[in-house]
Amino acid sequence: MILRSLRFILALAIVTALAPLSQAASRVDCTALKSTILNRSVPYCVMLPPSYDQDKTRRYPVLYYLHGLGDNEQSLVNGGGWNLYEDLLAQNKVGEYIIVTPNGFRSFYINSKDGKFLYEDFFIKEFLPAIERKYRVRVGRGGRGIMGVSMGGYGAFHYAFKYPQKFISVSGHMSALRETPPPSLDGTPDARLLGVVFGTPFDPSYYKNNSPFTLVRNAPLAALKGMSIYFDAGSNDDYNFDAGAEALHKLLVQRGVKHEFHIYPGGHSWAFMAEHFGASLELHSRAFGLTK
C-alpha cells in the first residue's frame, strides 16, 4: 500500500494552462507537536491561504489531509498538492481554507490493538484541539473536513464515520478499503506491517471493529446524510482497493447516503492521485460554503 513517489508525474499531471496565481502570499508552516498521549513529537505541516496573514480577524475552514503509507507530513507539499490548490483558487473553483497534514507514521490513523501507539486518541484529543488553538480556524463541524490517500483514505473514512459530529466532509483517493479482513496473513509481506496495528497474530475482529464499513453501518443516518462524501480508485489498483471502493459505494447506496464515487482508469500511484485530487479540494470547498 506504499504510494509510489513519482513526484515528477504529479507535477506533470497538474494542469498548466491556468490563470495567474493570486498576488497575496500563501505560506506553509512545518513544525511538530509534542504529544503526551504518544510520548513523542509528531511533525505536521499547515498550508495557509493567501489572505491568512493579511486579514487578522478572519477564521478559516480547515481540511485535514492524511498521507499514505511510506509518506509523511511533507509529501503533499513536496508533491505539488499545494500548488494545485493555489491554481484552483486562482480559477475561483475553491475558496480559501487551511490544509493541515500530520505525520501518521504507519498507524493507519487508529489506536494499535496492543495499546502501545494510540494515534486515534492523539488525533482526536490532542491534535485537533491544538490546531484550533494555534490557528484561526472555524471551530465546529461546519468548518472541518478530512481527506486521505491510500492508508490515509482508510483513516479519513474511519474518522468521518466514527465521529460524524466533527466533520462536514470526507474524501479519499485509492483508499485502503477492504470489506472483509484478509482470510490469513501468515507468511505474507503484510503480516508484520498490519500486525503492528491490528495485532500479532492478526486479529480479524479488531480489524472489523475499526473498519469504515462497520462504522458506516453504525453511524447515525442523519449525520451521514449531512456529510459531503467523495471517493475514487483506479480500475487497476495494485492492491484491489477498487473492489473496496465499490463495496463502500454499494453500502452507502443501501443506507440512502448521497455521495460521489468513481472508478477511473489507472493504478495505485501519485499520477492517479494528481489527476483526481482537485475533485476533493472542490468538494470540501463546497461543503465549507465557500463555493457552489
Side-chain angles (χ1 to χ4, degrees), residues 21-38 41-67 72-78 80-104 109 119-148 152 155-156 159-160 163-171 226-228 277-278 280-292:
L21 297 179
S22 168
Q23 294 303 307
S26 61
R27 63 183 172 91
V28 177
D29 285 343
C30 290
T31 182
L33 174 67
K34 176 61 178 177
S35 169
T36 301
I37 292 174
L38 296 180
S41 291
V42 179
Y44 68 92
C45 292
V46 178
M47 307 173 200
L48 299 167
S51 71
Y52 186 85
D53 291 324
Q54 297 179 337
D55 189 345
K56 300 296 185 179
T57 63
R58 183 175 174 183
R59 290 190 172 272
Y60 297 80
V62 57
L63 172 62
Y64 293 90
Y65 169 88
L66 308 183
H67 65 75
N72 57 42
E73 76 285 351
Q74 297 189 28
S75 60
L76 185 65
V77 178
N78 294 337
W82 186 238
N83 300 104
L84 176 54
Y85 167 81
E86 290 184 311
D87 290 341
L88 293 174
L89 185 62
Q91 298 176 83
N92 296 316
K93 291 185 176 181
V94 300
E96 287 193 317
Y97 54 85
I98 295 169
I99 302 178
V100 180
T101 65
N103 194 318
Y109 300 93
Y119 192 92
E120 181 175 334
D121 287 357
F122 156 75
F123 186 84
I124 297 296
K125 298 177 182 179
E126 281 188 319
F127 190 68
L128 295 186
I131 292 298
E132 292 176 358
R133 287 193 301 268
K134 184 173 182 179
Y135 297 93
R136 297 194 316 275
V137 303
R138 291 185 196 169
V139 177
R141 184 182 190 239
R144 266 190 228 111
I146 192 162
M147 72 161 295
Y159 289 148
Y163 308 100
Q165 74 279 9
K166 290 186 177 293
F167 301 100
I168 194 64
S169 52
V170 60
S171 63
M227 185 181 295
S228 296
F277 182 57
S280 276
L281 298 180
E282 292 183 35
L283 171 113
H284 293 288
S285 182
R286 292 191 297 271
F288 294 147
L290 301 175
T291 47
K292 296 182 180 180

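- A parallel orientation is assigned to the rings of F167 and Y159, their planes being inclined by less than 30° (bins at 30° and 60°).
- When side chains are defined from C-beta on, P43 does not count as touching N72, because their heavy atoms never get closer than 4.5 Å.
- Checking side-chain atoms of E282 against main-chain N and O of K93 turns up no donor-acceptor pair under 3.5 Å.
- Taking both residues in full, the closest heavy atoms of R58 and E96 are given as NH1-OE1, 3.0 Å, listed atom of the first, atom of the second, then distance.
- Taking OH of Y85 as the start and CG of L281 as the end, the distance is 8.5 Å to the nearest 0.5 Å.
- How far CZ of F123 is from CD1 of I146: 4.0 Å, rounded to the nearest 0.5 Å.
- Residues that satisfy the salt bridge (charged side-chain N to carboxylate O under 4.0 Å, His left out) test with D53, not counting sequence neighbours, are R27.
- Residue G142 comes nearest to R138 through the heavy atom pair O-NH1, 4.3 Å, listed as atom of the first residue, atom of the second, then distance.
- Between N83 atom CG and S26 atom OG the span is 8.5 Å, to the nearest 0.5 Å.
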Please assess S171 against H284 for the test side chain to side chain contact (heavy atoms under 4.5 Å, CB included), listing each intermediate value before the final yes or no. CA-CA 8 Å; S171 63; H284 293 288; 2.9 Å; yes

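- You'll find the side chain of R144 reaches within 4.5 Å of the side chain of E132, heavy atoms only.
- The line from OG1 of T57 to CZ of R59 is 10.0 Å long, rounded to the nearest 0.5 Å.
- Counting non-hydrogen atoms of neighbouring residues, nucleotides and ligands closer than 6.0 angstrom, the NZ atom of K125 reaches no more than 12 such neighbours.
- Across V42 and N103, no two heavy atoms sit closer than the pair CG1-O, 3.6 Å.
- Atom OH of Y135 and atom OH of Y60 lie 14.0 Å apart (nearest 0.5 Å).
- Taking the side chain as every heavy atom from C-beta outward, L283 and M147 never approach each other to under 4.5 Å.
- At least one side-chain heavy atom of L76 sits under 4.5 Å from a side-chain heavy atom of M47.
- The side-chain heavy atoms of P102 and L66, taken from C-beta on, include a pair separated by under 4.5 Å.
- T31 places a side-chain heavy atom less than 4.5 Å from the side chain of K134.
- Of all the heavy atoms in M227 and A160, the pair that sits closest is CE-O, 3.5 Å.
- The aromatic rings of Y64 and F127 sit perpendicular to each other, their planes meeting at more than 60°, with 30° as the lower class boundary.
- Looking at residues two or more places apart in sequence or on another chain, you find no salt bridge (charged side-chain N to carboxylate O under 4.0 Å, His left out) involving D55.
- In this structure, CG on D87 lies 11.5 Å from CH2 on W82, to the nearest 0.5 angstrom.
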Which side-chain N or O atoms in residues 285-292 pair as donor and acceptor under 3.5 Å with protein atoms at least two apart or in another chain?
unit_1 : atom_1 : unit_2 : atom_2 : d
S285   : OG     : G95    : N      : 2.9
S285   : OG     : T291   : OG1    : 2.7

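- Defined by atom type and a distance below 3.5 Å, a donor-acceptor pair is missing between the side-chain atoms of T101 and H67.
- Listed here is the closest heavy atom pair of V28 and C45: CG1-CB, 4.3 Å.
- Summarising the geometry of S75 relative to Y65, their closest heavy-atom pair is OG-CE2, 4.4 Å, with the distance given to 0.1 Å.
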